[in-house]
Amino acid sequence: MIKVSVVGAKGRMGSHVVDAVNNAADTELALALDAGDDLTQITPGNTDVVVEFTVPSVSLDNVLALVAQGVDVVVGTTGWTDEKLDQVRAALAAAPREGQSVFIAPNFAISAVLADYFAKVAAPYFESAEVIELHHPNKVDAPSGTAFHTAQGIAAARKAAGLGPVPDATETDGGSRGQVVDGIHVHAVRLRGLNAHEEALFGNDGEQLTIRADSFDRISFMPGVLLAVRKVSTGAYPGVTVGLDNFLDL
Ligand SMILES: NC(=O)c1ccc[n+]([C@@H]2O[C@H](COP(=O)([O-])OP(=O)(O)OC[C@H]3O[C@@H](n4cnc5c(N)ncnc54)[C@H](O)[C@@H]3O)[C@@H](O)[C@H]2O)c1
Ligand SMILES: O=C(O)C1=N[C@H](C(=O)O)CCC1
């Protein structure tokens with residue numbers, strides 16, 4: 001059995017993870033902690049893998065504390081920058097256990113992971129590209145971590161293919177053109193009734209491709225979380241790994 005502790009266990013995602021861990025045949029719940037709880041309760045003696053779903057403002061500190069405790073961590077919280085990832089890499093280099101892992105996924109839903117992947121495949125073939133993400137109104141960050149990651153992937157694929165900037169003649173903009181991530185415009189919608197949705201839009205003269213992923217329910221993230229827990233628990237992924245696509249044969 002893989003012993004799993006959950007940090008952020010009372011949250012929308014964390015509570016689903018607690019249920020998923022309790023219901024899977026090969027995992028058992030060790031500790032379920034939330035804000036105010038002492039993370040030093042989590043040790044290699046009681047926990048194989050920690051799943052962390054909290055808020056972007058605290059996630060880095062939690063991960064650094066957990067690495068120092070000698071446990072592997074699967075992170076679903078958003079807000080990861082290159083600078084934060086470097087801090088985690090430095091912490092892992094000084095970690096108490098050899099070969100410790102931190103796995104971070106902007107999105108654990110297979111639909112979103114594939115949409116992100118297909119967007120990178122499509123990107124070199126279109127002059128224009130934009131990303132729209134649509135989420136529930138309780139989400140604290142914008143744009144979504146997934147949209148940020150998709151935009152970065154589209155931008156990298158365009159650059160590798162030698163494409164220039166997307167065409168855009170806008171002369172006035174009060175913010176309606178969205179946030180620009182590596183040259184790709186990202187738009188965020190917050191609407192009651194939505195859960196987590198994303199569109200990558202691509203255009204050429206006379207044609208358009210839309211790649212859309214919809215997570216209607218948070219249970220859609222749980223197979224990906226359990227896959228990450230199982231993969232990380234093997235010890236085969238030392239260091240920092242970003243993206244569930246690393247565990248799929250894409
Ligand atoms: N990767 C994915 O597939 C995926 C899917 C959904 C949500 N998310 C992300 O996961 C994060 C959590 O989303 P949510 O909807 O569950 O949020 P939420 O607000 O419902 O839950 C966050 C939980 O973290 C707890 N928390 C806050 N500070 C803490 C601390 N210092 N230590 C421990 N716990 C603390 C809160 O009390 C709360 O219970 C967000 O960043 C969200 O974007 C990722
Ligand atoms: O509900 C959320 O919050 C989500 N956050 C992640 C993101 O920001 O990409 C994944 C989708 C749901």
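As the structure lists them, so they are numbered: ligands from 1, and atoms in each ligand from 1. All values below were derived from every heavy atom in this structure, side-chain atoms included, with hydrogens, water molecules and symmetry-related copies excluded.
Looking at Arg12, Met13, His136 and measuring to atom 15 (O) of ligand 1, the nearest heavy atom belongs to Arg12.
Taking every heavy atom of Lys139 and a limit of under 4.0 angstrom, the matching atoms of ligand 2 come to 2 (C), 3 (O), 4 (C), 5 (N), 6 (C), 7 (C), 8 (O). Heavy-atom contacts of Asn107 reach the following atoms of ligand 2: 10 (C), 11 (C) (cutoff under 4.0 Å). In the vicinity of Gly145, heavy-atom distances shorter than 4.0 Å reach the ligand 2 atoms 7 (C), 8 (O), 9 (O). Near Thr78, meaning under 4.0 Å from any of its heavy atoms, are these atoms of ligand 2: 6 (C), 7 (C), 8 (O).
When heavy-atom distances to ligand 2 are checked against a 4.0 Å cut-off, His136 comes that close only through its side chain, counted from C-beta outward. Counting heavy atoms under 4.0 Å from ligand 2, residue Ala196 touches it through the side chain alone. Residue contacts with ligand 1, taken as heavy atom pairs separated by less than 4.0 Å, involve Asn62 solely via side-chain atoms from C-beta onward. With a 4.0 Å heavy-atom cut-off, ligand 2 is reached by the backbone of Pro106 but not by any atom from C-beta on. Residue contacts with ligand 1, taken as heavy atom pairs separated by less than 4.0 Å, involve Phe108 via backbone and side-chain atoms alike. Counting heavy atoms closer than 4.0 Å to ligand 1, residue Thr77 contributes atoms from both its backbone and its side chain. The proximity of Val140 to ligand 1, defined as any non-hydrogen pair under 4.0 Å, does not occur for either the backbone or the side chain. With a 4.0 Å heavy-atom cut-off, ligand 2 is reached by the backbone of Thr146 and by its side chain too. Both the backbone and the side chain of Ala35 come within contact range of ligand 1, each with a heavy atom under 4.0 Å.
A donor-acceptor contact under 3.5 angstrom links the side chains of Asp141 and Thr78, judged on distance only. Residues His197 and Asp214 bring a donor and an acceptor atom of their side chains to less than 3.5 Å of each other. Checking Asp38 against Gln41 by side-chain atom types alone, no donor-acceptor pair falls below 3.5 Å. Glu52 and Ser59 are linked by a side-chain donor-acceptor pair at a separation below 3.5 angstrom, with hydrogens and angles left out of the test.
With rounding to the nearest 0.5 angstrom, the CD atom of Gln69 is 9.5 Å from the OG1 atom of Thr47.
In terms of heavy-atom proximity, Asp34 sits nearest to Gly11 at OD2-N, 3.9 Å. Between Ala200 and Ala119, the shortest heavy-atom contact is CB-CB, 4.1 Å. Heavy atoms only, all atoms of each residue included: Asp37 and Ala32 are closest at OD2-O, 4.4 Å.
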Practice problem: Check step by step if salt bridge (charged side-chain N to carboxylate O under 4.0 Å, His left out) holds for Asp72 and Arg97. | Solution: CA-CA 10 Å; Asp72 294 330; Arg97 223 171 23 85; 3.0 Å; yes

Exercise. Check the pair Gln208 / Thr210 against side-chain hydrogen bond (donor to acceptor under 3.5 Å, both in side chains), numbers first and verdict last.
Key: CA-CA 7 Å; Gln208 183 183 322; Thr210 302; 2.9 Å; yes

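Of the protein's non-hydrogen atoms, the one nearest atom 43 (O) of ligand 1 is Lys139 NZ, 2.9 Å. Nearest protein heavy-atom contact of atom 37 (O) of ligand 1 is Asp34 OD1, 2.5 Å. At the shortest separation from atom 8 (N) of ligand 1 among protein heavy atoms lies Gly76 O, 3.7 Å. For atom 21 (O) of ligand 1, the closest non-hydrogen atom of the protein is Gly11 CA, 3.3 Å.
The N/O atoms of Arg218, backbone and side chain alike, include none that comes under 3.5 Å of an N/O atom in ligand 2.
The environment of Glu98 atom CD is sparse: at most 12 non-hydrogen atoms of other residues, nucleotides or ligands sit within 6.0 angstrom.
Heavy atoms of Pro106 come nearer than 4.0 angstrom to ligand 1 in at least one pair. Under the 4.0 angstrom criterion for non-hydrogen atoms, Met13 is not in contact with ligand 2.
Tested against Val49, the residues Val6, Thr27, Val74 include a single side-chain contact (heavy atoms from CB on, under 4.5 Å) partner, Val74.
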